[in-house]
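A quick write-up on the structure given underneath.
Remember, it's a predicted structure, so these values are computed and weren't measured experimentally. Every heavy atom of this structure was used, including side-chain atoms; hydrogens, water molecules and symmetry mates were not.
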Amino acid sequence: MSKSYDAIIIGAGVIGACTAFEMAKKGWKTLSIDKLPESGYGSTSGSCAIIRTYYSALETCALAYEGWHYWKDWDGYMGVQDDHGMIEYKETGCLVIKTPHNHSLSKVCSTMDEIGCPYEDIATSEIKKYLPIADTQQFEPAKRPEDPEFGLPTGPSVEGAVFFPHGGYVNDPKLSAHNAQRAAEAHGAEFIFNTEVSEILQDDGRVSGVKLSNGTEVQAPVVINIAGPHSSKINEMAGVDDDMKISTRALRHEVAHVPSPAGFDFEKDGMVYSDSDIHTYCRPETGNNILIGSEDPACDEKEWVDDPDNYDENFSEQWKVLVMRMAQRFPELGIPSKTRGVVALYDVTEDWMPIYDKSNLPGFYMAVGTSGNQYKNAPVAGKMMTAIVESCEEGHDHDVDPLQFHLEHIDKTISLGVFSRNREINQNSSFSVIG
């Protein structure tokens with residue numbers, strides 16, 4: 001390969017593919033490189049693909065509400081039909097339990113008011129109208145099954161809940177990345193797979209392209225790291241990691257896939273459900289099943305992975321822990337003898353908020369630390385990365401004067417400095433997959 005490009009994008013997950021799409025629409029000649037066989041094959045395919053508007057910070061709430069507008073009209077946003085088919089966005093709404101851990105959702109609801117996103121306050125007595133299978137007793141703090149007090153109520157009831165009508169899930173997260181790939185290709189973007197970057201090339205103090213593992217060099221004045229769980233390795237390769245206050249690291253996560261309790265059609269009548277009383281979340285899945293994930297309680301040891309190419313892809317006892325925790329809320333939930341679900345790596349920062357930023361190496365940019373909670377923001381992240389690259393390449397100092405980015409659907413402007421690699425840790429974060 002002897003071609004040169006305006007920009008090389010490392011990674012073709014949903015955020016990488018959406019970035020290629022947005023840059024191609026602006027006239028950039030891009031090449032996306034992924035070491036895996038297809039777009040969305042990595043951590044994107046392991047995502048629960050939940051679309052929600054609630055986060056811990058105003059800026060991420062605003063991104064998510066803006067992003068919802070793209071998912072609800074995905075075909076219109078893509079502008080092309082994919083030969084593999086198009087994803088379906090299923091609007092179920094999101095029910096979130098109020099707990100001391102999330103400040104009874106008071107801050108979240110204030111933020112929703114500020115960005116104009118609708119929600120409904122739900123009394124404890126009304127929760128069963130949304131989820132008839134729910135036991136509303138309090139179980140906080142989350143415990144492990146070996147704790148003798150596991151499953152024993154710690155209070156008569158949870159405080160109540162908030163229902164967010166604008167939310168749901170995407171039926172096939174991997175396909176969403178392929179849809180974005182096809183949309184990008186329609187505007188001239190190129191993608192190559194089964195191809196590994198071995199070196200970030202530099203010339204005269206700035207990026208000049210990449211070298212591939214087969215020895216081929218590809219020239220470009222801009223390189224964007226959107227490599228998911230491999231992002232820290234790419235940053236190290238570029239020599240930019242020592243200049244960052246916030247870093248990324250791969251974290252192993254499991255998601256359980258179990259049948260709905262007998263007598264309740266969770267696929268038809270369920271919804272996205274988040275419960276930091278038991279530190280577990282879930283959503284409907286095809287075939288009247290439930291996907292169950294962890295909200296990372298303090299009692300669970302985090303399993304960090306130094307080599308994202310070498311980790312245990314088998315289910316552990318944590319799979320059963322997830323199902324047992326959810327069974328506290330859904331007492332009729334069975335625990336199948338056969339494990340099904342997903343084992344995947346998340347790419348996370350210290351505060352679980354992403355980095356959308358430049359670096360100290362001119363021409364090298366990053367959209368990293370995004371796993372677990374940024375899937376829903378992919379279309380907006382693509383637009384933001386395009387804006388950051390264009391602004392910085394035109395000479396703007398994003399470090400000194402952070403770019404102000406306008407969210408067109410919700411008509412709100414936010415500072416992209418909150419996603420800086422050199423920010424302080426956001427103490428308002430949930431420090432979990434909730435973000």
Open item on the list: What I want to check is whether the side chains of D241 and N235 have a donor and an acceptor closer together than 3.5 Å.
Closed with: no

Open item on the list: With no hydrogens and no angle check, just 3.5 Å: does a side-chain donor-acceptor pair link R144 and Q318?
Closed with: yes

Open item on the list: Tell me whether the NZ or CZ atom of R421 lies within the 45° cone about the ring axis of F419 and under 6.0 Å from its centre.
Closed with: no

Task: Side-chain ion pair, D277 and R325, N-O less than 4.0 Å - done: no

Task: Ionic contact status for E66 with K412, cut-off 4.0 Å - done: no

- [ ] Evaluate the ring-ring contact (aromatic ring centres under 6.0 Å, His included) criterion for residues Y281 and Y273: first the C-alpha distance (whole Å), next the side-chain angles of each, then the deciding distance (0.1 Å), finally the verdict.
- [x] CA-CA 5 Å; Y281 68 88; Y273 178 73; over 10 Å; no

Open item on the list: Taking the ring of W71 and the ring of W68, is the distance between their centroids below 6.0 Å?
Closed with: no

Task: E126 and K128 ion-paired at < 4.0 Å - done: no

Task: Aromatic ring proximity H279/H101, centre distance under 6.0 Å - done: yes

TODO: Please report the closest heavy-atom contact between D34 and G13, naming both atoms and the distance.
DONE: OD2-N, 4.2 Å

- [ ] Verify whether one side chain among S39 and H178 offers a donor that lies under 3.5 Å from an acceptor in the other.
- [x] no

Open item on the list: Assess whether a salt bridge exists between E196 and K35, defined as any Lys/Arg side-chain N lying under 4.0 Å from an Asp/Glu carboxylate O.
Closed with: yes

Open item on the list: Could you check whether Y356 and Q374, counting side-chain N and O atoms only, form a donor-acceptor pair closer than 3.5 Å?
Closed with: yes

Open item on the list: Any salt bridge linking K320 with E317? Criterion: basic side-chain nitrogen under 4.0 Å from a carboxylate oxygen.
Closed with: no

Open item on the list: Assess the residue pair L407 and T413 against the criterion (side-chain contact (heavy atoms from CB on, under 4.5 Å)); give the C-alpha distance rounded to whole Å, side-chain angles, the decisive distance to 0.1 Å, and a yes or no.
Closed with: CA-CA 6 Å; L407 302 168; T413 298; over 6 Å; no

Open item on the list: As an exercise, state the distance from SG of C117 to CZ of R52, rounded to the nearest 0.5 Å.
Closed with: 12.0 Å

TODO: Could you verify whether a donor N or O on one side chain and an acceptor N or O on the other, from H253 and D296, lie under 3.5 Å apart?
DONE: yes

TODO: May I ask you to establish whether K72 and Y70 are in a cation-pi arrangement, using a distance under 6.0 Å from NZ or CZ to the six-membered ring centre and at most 45° from the ring axis?
DONE: no

TODO: Answer with yes or no after comparing the ring centroid distance for F163 and Y119 against a 6.0 Å cut-off, counting only values under it.
DONE: no

Open item on the list: Could you check whether K245 pairs with E350 (Lys NZ or Arg NE/NH1/NH2 to Asp/Glu carboxylate O, under 4.0 Å)?
Closed with: no

